[in-house]
Amino acid sequence: MELCESDADLIRKAQNGDRAAFGFLVERYMKRAYYSALGLVGSPEDARDLSQDAFARAYRARQTIDPDRPFFAWLYQIVRRLCFNFNRDRRSRRDKLRDASLWLAEEAEARAPAPSPSRVLEKSELCRTVRQAIEELPEREREVLVLKEFEGLRYREIAELVGIPIGTVMSRLYTARKHLAAALSVTMNRNPGEESGR
Amino acid sequence: MTTRDDSGWREEARRLMMAALDGEISPDQRRQLDRLLADNPELREDWERMGQVKEVTRSMSYREPPEEIWQEYWVSVYSRCERGVGWLLMTLSAVVLLSWSAWQGIAAMFADSTMPLFLKLAVLGVATGAIILLVSVAREKWFVRRKDPYREVIR
């Protein structure tokens with residue numbers, strides 16, 4: 001069996017009882033599944049657990065997979081259902097979403113050309129503000145935001161994964177960013193120098 | 001007051017702003033957005049805030065987990081698949097064993113002429129009630145699972 005085999009071939013083999021074929025599918029999509037779960041539950045340990053659970057459920061339900069349709073879109077439905085259930089149970093236990101600094105990193109240093117120390121501090125504070133605001137977003141808005149910003153998907157891909165029209169993707173993104181903008185403006189009002197630094 | 005027409009162009013402007021921020025806007029739409037921004041100071045302010053948010057989120061990414069989790073990932077999924085089969089076998093076998101034991105117990109009880117009739121009827125009532133409850137719950141679960149359009153989203 002080769003790693004470059006198509007998803008459809010691997011699914012057909014898995015449906016015929018070939019566990020190794022399913023293993024290739026897992027290796028192909030484990031990172032996407034993990035990061036999708038991470039964006040929804042905000043805890044690395046839970047994201048690993050839930051994404052692995054999703055694959056195990058996918059394996060048990062492998063006979064219902066249509067090999068001619070995208071495998072990850074099907075798997076994502078299981079991942080998001082498990083994550084939403086997990087969040088609901090967590091809310092009922094009155095737990096909060098884990099600190100987003102555990103799962104969101106700041107890449108500014110790697111991308112920007114040598115900023116000044118004060119600029120780094122301002123940027124870090126803005127990032128902290130945005131991370132906190134992301135934690136507080138309703139899960140449907142957070143889902144669309146992380147798929148766009150941190151997984152780099154296009155609107156069409158998000159619409160297909162989440163099962164909503166492209167217009168709704170854009171509306172949810174707008175609402176999510178509006179929340180983040182409100183949080184940012186509070187920080188910027190505290191540090192007026194940041195705006196002029198842009 | 002916001003009229004329907006008013007909310008219509010606002011919604012369109014919001015979508016255009018999102019498309020522009022995310023690089024999914026066509027040249028025609030870009031011109032349309034520029035016109036709207038030129039005519040609406042409030043929208044311009046909104047646009048600037050959105051740009052700031054985009055700048056910050058663009059500089060963020062997921063934290064990478066330790067590399068070992070990818071090495072052990074499939075093994076863990078495989079174990080879960082095996083455990084799933086184990087649970088299924090154990091549950092089915094337990095149901096068969098319990099049903100057989102219950103049947104044997106009830107048959108022996110009815111064969112026992114020394115046992116009062118009201119006790120036999122009470123035990124029979126408990127057993128029948130338990131079966132009705134089990135079947136009812138199972139049927140409801142099955143029905144909800146088949147009919148619920150959001151079954152893939154929320155349990």
Side-chain angles (χ1 to χ4, degrees), chain A residues 19 22-23 26-27 30-31 34-35 38-39 44 47-48 51-53 55-57 59-60 77-78 80-81 84-85 88 102-108 111-112 123 126-127 129-131 134 145-146 148-151 154-155 163 167 169-171 173-174 177-178 180-182 184-185 188 195 198, chain B residues 7 10-25 29 43 45-85 87-88 148-155:
Chain A
R19 284 196 179 186
F22 191 76
V26 171
E27 284 172 9
M30 62 187 178
K31 291 191 178 181
Y34 168 81
Y35 285 120
L38 186 61
R48 184 179 58 184
S51 62
Q52 287 176 336
D53 198 14
F55 276 113
R57 285 167 187 246
Y59 182 75
R60 286 200 288 275
Q77 298 309 312
I78 304 176
R80 77 195 291 260
R81 186 185 65 210
F84 285 170
N85 289 343
R88 186 198 57 195
L102 291 173
W103 58 281
L104 279 178
E106 189 184 331
E107 287 191 327
R111 292 185 186 181
K123 191 82 182 173
L126 292 183
C127 283
T129 303
V130 168
R131 279 199 298 249
I134 290 173
L145 183 82
V146 297
K148 180 73 229 174
E149 294 293 354
F150 308 127
E151 296 186 34
R154 298 186 68 77
Y155 291 156
V169 171
M170 295 161 96
S171 299
L173 259 181
Y174 175 83
R177 285 175 171 153
K178 188 84 177 165
L180 303 192
L184 265 188
S185 66
M188 284 177 165
E195 269 184 296
R198 286 189 75 232
Chain B
S7 66
R10 277 181 193 281
E11 185 60 31
E12 181 61 18
R14 287 167 185 169
R15 290 180 181 185
L16 289 173
M17 284 195 288
M18 293 303 100
L21 280 178
D22 295 319
E24 296 201 32
I25 196 166
Q29 287 174 320
L43 200 64
E45 196 179 326
D46 213 12
W47 169 243
E48 281 170 18
R49 294 281 181 214
M50 292 293 169
Q52 289 162 352
V53 168
K54 182 70 184 180
E55 190 191 343
V56 177
T57 51
R58 192 187 283 135
S59 70
M60 299 164 81
S61 67
Y62 286 130
R63 279 194 190 282
E64 298 258 347
E67 195 56 33
E68 302 85 68
I69 91 156
W70 306 126
Q71 290 156 12
E72 296 158 7
Y73 197 95
W74 165 234
V75 176
S76 180
V77 173
Y78 187 84
S79 304
R80 284 164 194 254
C81 295
E82 276 186 334
R83 280 201 291 270
V85 174
W87 276 111
L88 187 70
D148 181 7
Y150 299 105
R151 65 185 182 277
E152 295 301 333
V153 181
I154 300 285
R155 185 171 60 201

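Since the model is a prediction, treat every value here as computed from it, not as a measurement.
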Taking the side chain as everything from C-beta on, heavy atoms only, tell me whether [X] gets closer than 4.5 Å to [Y].
X	Y	answer
B:W74	A:M30	no
B:E64	A:Y35	yes
A:K178	B:D46	yes
A:R19	B:E82	yes
B:D22	A:Y155	yes

Practice prompt. Specify which of A:G163, A:A56, A:A182 makes the most heavy-atom pairs with chain B at under 4.5 Å.
Written response: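 Of the options given, most contacts go to A:A56.
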Fill in: Per-residue contact mode, A:F55 against chain B (heavy atom under 4.5 angstrom)
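Looking at A:F55, backbone and side chain both touch chain B.
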Discussion item. If I measure from the heavy atoms of chain B, does A:R177 come under 4.5 Å with its side chain, its backbone, both, or neither?
Written reply: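 Its backbone and side chain both get close to chain B.
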Practice prompt. Among B:S79, B:G23, B:A19, single out the residue with the greatest number of heavy-atom pairs under 4.5 Å to chain A.
Written response: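 Max contact count across the listed options: B:A19.
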Interatomic spacing from [atom1] in [X] to [atom2] in [Y] - rounded to 0.5 Å:
X	Y	atom1	atom2	answer
B:R15	A:L173	CZ	CG	11.5 Å
B:M50	A:L180	CE	CG	8.5 Å
B:L21	A:E149	CG	CD	8.5 Å
A:R60	B:R80	CZ	CZ	10.0 Å
A:S171	B:E11	OG	CD	4.0 Å

Discussion item. Tell me the closest heavy-atom pair linking A:C127 and B:M60, and the distance in Å.
Written reply: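 Of all heavy-atom pairs spanning A:C127 and B:M60, the closest is O-CE, 3.9 Å.
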Worksheet item: For the residue pair B:I69 and A:R48, what are the closest heavy atoms and their distance?
Response: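 For B:I69 and A:R48, the tightest heavy-atom pair comes out as CG2-NH1, 3.8 Å.
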Discussion item. Run the salt bridge (charged side-chain N to carboxylate O under 4.0 Å, His left out) test against B:E24 and tell me which residues pass, sequence neighbours left out.
Written reply: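 So B:E24 forms a salt bridge (charged side-chain N to carboxylate O under 4.0 Å, His left out) with A:K148, A:R154.
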Worksheet item: Among B:Y73, B:Y62, B:W70, which one satisfies ring-ring contact (aromatic ring centres under 6.0 Å, His included) with A:Y34?
Response: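 So the option named by the test is B:W70.
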